Amino acid sequence: TDNHIYALDATDGSEHWHFRTDGAVYASPVVVDGTVYIGSNDGHIYALDAALGTEQGRFQTGTHVHASPSVTTDTVYLGSSDGYLYALNTTDGSQRWRFRTNSTGISSLTIVDGIIYLGGDDGQIYALAGDTNTKTSEDCPACENDLSGLDDPAFCPDCGAEIKSEDRATTEASNGH
């Protein structure tokens, strides 16, 4: 691809606008309330004005974004090849929370009855409650390994780093209700 996102007239195919990213764009965009959300191989998810194609914001993931995002009233959900599912605030683009999968390739996701469903190249299907008020991030501060399945670990099983209680961060995520 040529690293551009294009908006075309549905009737005659003429170009309304285009926007350049620093990487190839493989995913389909999602348009909600006049904003286009699209991921790029440059590791960003972009929020663009649907009428003008101007950038409203961007969020940097750890690496490529090949999957299409999903959007609810106040949250953009997307998976990145860094293995994380991200939940971003639609108002300011800030990260609400992230969830570590065991995958380096995450599929496009869907949301049904408040449950986020996504697949990964690890052969797993993940189902997560998207409307929870609090998500706890339990990543190792040294290697970022997901420790959420362990009961109060003192050391990271992957790198051996000591895990102190202050290393665990809780991120509040308002669900708008």
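Because the structure is predicted, anything quoted here is derived from the model rather than measured.
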Next on the checklist: Give me the atom names and distance for the closest heavy-atom approach of Y86 to G62.
Outcome noted: OH-N, 3.6 Å
Item to check | Residues clustered with Y6, ILVMFWY side-chain links under 4.5 angstrom | outcome: L8
Checklist entry - Does any pair with a residue in residues 46-58 pass salt bridge (Lys or Arg N to Asp or Glu O under 4.0 Å), and if so which ones, sequence neighbours excluded? => result E55-R58
Checklist entry - What are the two closest non-hydrogen atoms of F19 and G53, and how far apart are they? => result CD1-O, 3.5 Å
Next on the checklist: According to side-chain hydrogen bond (donor to acceptor under 3.5 Å, both in side chains), who are the partners of T63, at least two apart in sequence or on a separate chain?
Outcome noted: none
Item to check | Interatomic spacing from OG1 in T75 to CG in L88 - rounded to 0.5 Å | outcome: 8.5 Å
Checklist outcome for this item: By ring-ring contact (aromatic ring centres under 6.0 Å, His included), Y37 pairs with (sequence neighbours left out) none
Item to check | Any residue meeting side-chain hydrogen bond (donor to acceptor under 3.5 Å, both in side chains) with D33, in chain and number order, not counting sequence neighbours | outcome: none
Checklist outcome for this item: Shortest non-hydrogen pair, V76 vs P69, comes out as CG1-CB, 3.9 Å
Checklist entry - Does any N or O in the side chain of S80 come within less than 3.5 Å of the main-chain N or O of T61, such that one atom is a donor and the other an acceptor? => result no
Next on the checklist: Test question: given the 4.5 Å side-chain rule for I, L, V, M, F, W and Y, name all other residues clustered with L52, or answer none.
Outcome noted: none
Checklist entry - Can you list the residues that meet the side-chain contact (heavy atoms from CB on, under 4.5 Å) rule with S107, with sequence neighbours excluded? => result L118
Next on the checklist: Quick check: closest heavy atoms across I111 and S70, and the distance to 0.1 Å?
Outcome noted: CD1-CB, 4.0 Å
Checklist outcome for this item: Residues at least two apart in sequence or cross-chain that pass ring-ring contact (aromatic ring centres under 6.0 Å, His included) with H64, listed by chain then number, are H66
Item to check | Atom pair CG/CG of N41 and N3 - distance to nearest 0.5 Å | outcome: 8.5 Å
Item to check | From V71, T110, T72, V30, residue fulfilling side-chain contact (heavy atoms from CB on, under 4.5 Å) relative to Y77 | outcome: T72
Next on the checklist: For a 4.5 angstrom cut-off between non-hydrogen side-chain atoms, does F59 reach Q95?
Outcome noted: yes
Checklist entry - For the atom pair CG (L109) and CD1 (I125), what is the distance rounded to the nearest 0.5 Å? => result 12.0 Å
Checklist entry - Restricting to pairs with a member in residues 115-127, which pass side-chain hydrogen bond (donor to acceptor under 3.5 Å, both in side chains), not counting sequence neighbours? => result S103-D121, T104-D121, D122-Y126
Checklist entry - Can you name the side-chain contact (heavy atoms from CB on, under 4.5 Å) partners of A67, sequence neighbours left out? => result S108
Item to check | Stepwise salt bridge (Lys or Arg N to Asp or Glu O under 4.0 Å) check, R100 with D82 | outcome: CA-CA 9 Å; R100 175 85 176 146; D82 64 3; 5.4 Å; no
Checklist entry - So, do Y84 and T101 sit near enough that their side-chain heavy atoms are less than 4.5 Å apart? => result no
Next on the checklist: For D74, is there an ion pair with R96 - N to carboxylate O distance below 4.0 angstrom?
Outcome noted: yes
Item to check | Euclidean distance, W17 CH2 relative to H4 NE2, rounded to 0.5 Å | outcome: 11.0 Å
Checklist entry - Who passes side-chain hydrogen bond (donor to acceptor under 3.5 Å, both in side chains) against S81, sequence neighbours left out? => result none
Next on the checklist: Using 0.5 Å steps for rounding, measure from the CG atom of L78 to the CD1 atom of I45.
Outcome noted: 4.5 Å
Checklist entry - Taking side chain as C-beta onward, heavy atoms only, is I5 less than 4.5 Å from L48? => result yes
Checklist outcome for this item: Distance col, row E15:CD vs D9:CG, nearest 0.5 angstrom, shows 11.5 Å
Next on the checklist: Testing the basics here: between G39 and V25, what is the closest heavy-atom pair and its distance to 0.1 Å?
Outcome noted: O-CG1, 3.7 Å
Checklist entry - Can you list the residues that meet the side-chain hydrogen bond (donor to acceptor under 3.5 Å, both in side chains) rule with T91, with sequence neighbours excluded? => result N89
Next on the checklist: Quick check: do V32 and T35 have side-chain heavy atoms less than 4.5 Å from each other?
Outcome noted: no
Checklist entry - Of the non-hydrogen atoms in S40 and A24, which two are nearest, and what is the gap between them? => result OG-O, 3.5 Å
